[in-house]
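First up is the structure itself, then whatever we jot down about it.
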Amino acid sequence: MGNHPFRKIPDYLRSPEAKLKYNRELFNKIAGRYDLLNKILSLGADSVWKDSVIAMLPEVQSPSCLDVACGTGDVTFRLSGKYPKAKIYGVDLSANMLDIARSKNRSKDVSFVLADMCNLPFSDNSFDLVTGCYALRNAADIYQALTEVRRVLKFGGNVCFMDFSKPANRFSQRIEYLLLKLWGSFWGWMFHRDMRSYGYIAESLRLFPDSNELKKTLADKGFKNISSRKYCFGIIEAIMCEKANNGEPG
Ligand SMILES: C[S@@+](CC[C@H](N)C(=O)[O-])C[C@H]1O[C@@H](n2cnc3c(N)ncnc32)[C@H](O)[C@@H]1O
């Protein structure tokens, strides 16, 4: 995995335990303003990217769906809109994000569960579709999160991850880091008087695989038919793939 070319990695990213604790505290703190800040930080484009993720998903009747790192339910409710007969679960680490999601929920078929995406409380092969928007970058251990997502997916089931995309080129990484750090820190300060809260987006990319490495990791982890679509000059990428059957009992 590519390390960042400059400056020390923050302590809260150095171990899965520290990152898990940091993320829980961070998202509990910013939950109340998350939806608004998301719109502002993306200049309104976030909902367009999410609509596009939903449009990429297959047209099936009533799939069982899981939205990991569902936050306030933005993608979970879009899944419910596309698949009105489906049973849908949203999983998140932050109780405060989930409280907001639950307060918006109008469907008996949509449920929200407090859990770590690296330790999902579902049986093997139980979902037809998994989504994760800004999910993998936040996982305390991306490899464990992928193992879990693959475990709960049915063979042939699809997963779509959307997140900031890290370019392979070091110079481009540096430019992306600086732009995200400045933009996130500014809005973090404006809304929370804390530059670190949204400066975290840039920091979390530092130990995240670049776009090519991520696709290779997905293939190594037992996913196939990997395709992707980029948005916003390549800063955002949606990656779609399918659970391969590596000779396991289905
Ligand atoms: C940037 S938000 C994305 C929320 C939502 N998917 C969206 O697109 O608006 C990231 C979410 O990941 C959650 N998260 C972070 N680490 C997690 C973990 N280990 N397991 C589950 N959720 C996690 C946070 O609580 C937060 O709600």
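Every number for a ligand or one of its atoms is a count from 1 in the order of the listing.
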* Heavy-atom side-chain contact between L66 and V91 under 4.5 Å -> yes
* side chain to side chain donor-acceptor pair (under 3.5 Å) contacts touching residues 110-122 (sequence neighbours left out) -> K87-S111
* **Cationic tip of K243 above F155 ring, under 6.0 Å, 45° of axis** => yes
* Please identify each residue that fulfils side-chain contact (heavy atoms from CB on, under 4.5 Å) with E242, with sequence neighbours left out. => N158, K224, N225
* Proximity of F208 and F164 rings by center, below 6.0 Å -> no
Extract all N/O-N/O pairs under 3.5 Å that connect ligand 1 to the protein, and present each with both atom names and the distance rounded to 0.1 Å.
{"residue": "ligand 1", "atom": "6 (N)", "partner": "A69", "partner atom": "O", "Å": "2.7"}
{"residue": "ligand 1", "atom": "6 (N)", "partner": "C133", "partner atom": "O", "Å": "2.9"}
{"residue": "ligand 1", "atom": "8 (O)", "partner": "K50", "partner atom": "NZ", "Å": "3.1"}
{"residue": "ligand 1", "atom": "9 (O)", "partner": "Y34", "partner atom": "OH", "Å": "3.0"}
{"residue": "ligand 1", "atom": "9 (O)", "partner": "K50", "partner atom": "NZ", "Å": "2.9"}
{"residue": "ligand 1", "atom": "19 (N)", "partner": "D116", "partner atom": "OD1", "Å": "2.8"}
{"residue": "ligand 1", "atom": "20 (N)", "partner": "M117", "partner atom": "N", "Å": "2.8"}
{"residue": "ligand 1", "atom": "22 (N)", "partner": "L93", "partner atom": "N", "Å": "3.2"}
{"residue": "ligand 1", "atom": "25 (O)", "partner": "D92", "partner atom": "OD1", "Å": "2.6"}
{"residue": "ligand 1", "atom": "27 (O)", "partner": "D92", "partner atom": "OD1", "Å": "3.2"}
{"residue": "ligand 1", "atom": "27 (O)", "partner": "D92", "partner atom": "OD2", "Å": "2.7"}

* Structure fact -> Residue pairs passing the side chain to side chain donor-acceptor pair (under 3.5 Å) test with at least one member in residues 88-101, sequence neighbours excluded, are N28-S94
